[in-house]
2 protein chains.
Amino acid sequence: MPAAVRPPLTRRRAETRQRLLDAALVVFAHEGFGRSTVEQVCEQAGFTRGAFYSNFSSLDELFLAMWEQRSAQLLADLQETVADEAVDGIRTVRQAVEHLLPAVPVDDEWYRITAEFTAHALRNPSLRKVMAAREKAITDTITPVLERSLKGTGRRVTNRSALGQALIAVHDGTTVQCLIEPDDETVQKRRLDLMVHVVLAYTKEIDR
Amino acid sequence: MPAAVRPPLTRRRAETRQRLLDAALVVFAHEGFGRSTVEQVCEQAGFTRGAFYSNFSSLDELFLAMWEQRSAQLLADLQETVADEAVDGIRTVRQAVEHLLPAVPVDDEWYRITAEFTAHALRNPSLRKVMAAREKAITDTITPVLERSLKGTGRRVTNRSALGQALIAVHDGTTVQCLIEPDDETVQKRRLDLMVHVVLAYTKEIDR
DNA sequence: TGTATCCGATACGGAAATGTATCCGACCGT
DNA sequence: ACGGTCGGATACATTTCCGTATCGGATACA
């Protein structure tokens, strides 16, 4: 039934869909989700509303689709960026964090989207589940990577999911601070320090 | 000049203003800022648009006024709640955190407002300054309180502003997690744990 | 009690956004 | 190349929201 209700998704269709999704990011980031209109998104994408309604049934649907696509992409990028060789040279926790942190870019636009999506999700139980699932996905992606990075440091993680949760919280919380005061580099330094402290707190030396 | 442009603010005026401000919180939290309309706010407050335009010139202005009022109130509440006698009985960092944390309620509605305000502020340099100032105010309020609470624990803060910044980040980051999974009490436990770790990281034992 | 002012209500014009119904060009398979 | 279908454009009806201009009741003050 669900497959029957949606159109066959031809090549052409997929392209306009994607252009709309890309336009959505730009417009939502610039105007805010609630302030955005169907027309603005269409204009940004170079279409008229006809194209929109032929592909999505509401701005909400577009928003969700866009968010899921970009989140997934972000995770994929992270995994790839971090899977490089440099991991072998890591000897300290600080190095590990320094290696990991820049892999998640502090992106102004994306942060706005995320903030509004979160607020939106809090009003909608099914969206809350989506967010919770994503958080788990992030944890599952990050912790293995981190554990690999920690190999050369002589420490091991004591509580995987607690560490994952803590890192996400710290990451999100400090991201705002960095964006609000982009010129203050002590904010950035402290962000790094805090991450190091957290990793230290949730790992311990391997005894041999 | 600025005093001349605004009406004399009589008793009556102040009351309707306040009712509008209160209504704004409800409506914005429920609908999202961008989706809210002047009429919705007025209806919630029991007025018509006439009252609104006689007191504010735009939804933006109302939003900002409401946010500033509530933030200030929140800080005042915090200061009061925490200034009680119980501080003297505190002997461990965990106790200190347990005492401090519940003073900042995890409020669904307020979080939504904050998230959207933050996103909004990132688009507007002058609003960014407002947020930065508020962050400083929070730090300035919290750290003295925390230091007082730590008296009985035999530890002292090594870097005030870094600790303040870290606590805010952790607070904000974990608040989302708590709201997204309100039934999962391990999230809440870990929140506390994380706070304790952070306080430990930014304090050290007093040597005598 | 009378009167002047204040302030929220009402009424109106107009702009903007929505969703649908229809059209027409492009791309598909044969 | 040709007929059919697909998908975006166009046109339109409708709703919603906004901001202003004006009205009238309430309130303050003599």
Side-chain angles (χ1 to χ4, degrees), chain A residues 1-66 69 116 120 123-124, chain B residues 2-66 69 116 120 123:
Chain A
M1 172 70 87
V5 78
R6 76 183 60 189
L9 204 67
T10 100
R11 170 177 209 82
R12 191 187 179 195
R13 204 174 187 75
E15 269 174 18
T16 64
R17 232 185 113 82
Q18 189 56 49
R19 273 170 62 190
L20 284 169
L21 287 166
D22 293 345
L25 176 76
V26 176
V27 174
F28 291 163
H30 193 260
E31 300 285 324
F33 171 53
R35 305 268 232 214
S36 305
T37 71
V38 175
E39 271 185 355
Q40 282 174 313
V41 173
C42 293
E43 190 189 13
Q44 172 71 27
F47 290 114
T48 64
R49 287 201 324 268
F52 176 87
Y53 285 107
S54 157
N55 281 283
F56 300 93
S57 63
S58 68
L59 269 190
D60 263 70
E61 191 184 312
L62 174 62
F63 190 31
L64 176 58
M66 181 271 276
Q69 190 182 65
E116 292 197 334
H120 195 51
R123 284 179 214 113
N124 185 325
Chain B
V5 77
R6 73 184 60 188
L9 203 69
T10 104
R11 171 177 208 80
R12 191 186 179 196
R13 205 175 186 74
E15 269 174 18
T16 63
R17 231 185 114 83
Q18 189 55 47
R19 273 171 63 190
L20 284 168
L21 287 165
D22 293 345
L25 176 76
V26 177
V27 174
F28 290 160
H30 194 259
E31 299 286 324
F33 172 52
R35 305 270 231 210
S36 304
T37 71
V38 175
E39 273 186 353
Q40 282 173 315
V41 173
C42 293
E43 190 189 13
Q44 172 72 28
F47 289 114
T48 65
R49 281 197 327 244
F52 176 87
Y53 284 107
S54 156
N55 282 282
F56 301 93
S57 64
S58 68
L59 270 190
D60 264 71
E61 190 184 313
L62 173 63
F63 188 36
L64 177 58
M66 181 272 276
Q69 189 182 65
E116 292 197 334
H120 194 52
R123 283 178 214 113

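Proteins get letters first, then strands, A, B, ... in listed order; numbering begins at 1 in each. Side chains are part of it too, since the values below use all heavy atoms of this structure and drop only hydrogens, waters and symmetry mates.
Applying the salt bridge (charged side-chain N to carboxylate O under 4.0 Å, His left out) test to Glu39(B) and every residue at least two apart in sequence or in another chain returns Arg49(B). Scored by the side chain to side chain contact (heavy atoms under 4.5 Å, CB included) test, Ser58(B) finds Asp60(B), Glu61(B) as partners (sequence neighbours excluded). In this view, Phe63(B) and Phe28(B), Phe33(B), Phe117(B) satisfy the ring-ring contact (aromatic ring centres under 6.0 Å, His included) rule, not counting sequence neighbours.
Applying the salt bridge (charged side-chain N to carboxylate O under 4.0 Å, His left out) test to every pair with at least one member in residues 17-26 of chain A, sequence neighbours left out, gives these pairs: Asp22(A)-Arg70(A).
Over its length, the helix from dT1(C)-dA30(D) to dT30(C)-dA1(D) turns its helix axis by 30°, as judged from the five terminal pairs at each end, rounded to 10°.
Phosphate contact (OP1/OP2 of dC7(C), side-chain N/O of Arg13(B), threshold under 4.0 Å): present. The side chain of Asn55(A) places an N or O atom within less than 4.0 Å of a non-bridging phosphate oxygen (OP1 or OP2) of dG8(D). Considering only side-chain N and O atoms, Thr10(A) lies nowhere under 4.0 angstrom from the phosphate OP1 or OP2 of dC6(D). Residue Ser54(A) places at least one side-chain N or O under 4.0 Å from the OP1 or OP2 atom of dG8(D).
Straight-line distance from the CZ atom of Arg12(A) to the C1' atom of dC6(D): 7 Å, rounded to whole Å. A straight line from CD of Glu15(B) to C1' of dG8(C) spans 14 Å, rounded to a whole angstrom. As rounded to whole Å, 13 Å separates atom P of dG19(C) from atom CG of Leu62(A). Rounded to whole angstrom, the span from the CZ atom of Phe56(A) across to the P atom of dT18(C) amounts to 15 Å.
Contact check for His30(A) versus Ser36(A): no side-chain heavy atoms found under the 4.5 Å cut-off. You'll find the side chain of Arg35(A) stays beyond 4.5 Å of the side chain of Gln40(A), heavy atoms only.
In the displayed structure, Glu43(A) atom CD is contacted under 6.0 Å by at most 12 heavy atoms of other residues, nucleotides or ligands.
If you check residues 25-53 of chain A against DNA chain C, the residues with a heavy atom closer than 4.0 Å are Thr37(A), Val38(A), Glu39(A), Arg49(A), Tyr53(A), listed by number.
Among Val41(A), Val38(A), Leu21(A), the one residue that satisfies the side-chain contact (heavy atoms from CB on, under 4.5 Å) test with Phe56(A) is Leu21(A).
Atoms CG and CG, from Leu62(A) and Leu20(A) in turn, are 6.5 Å apart once rounded to the nearest 0.5 Å.
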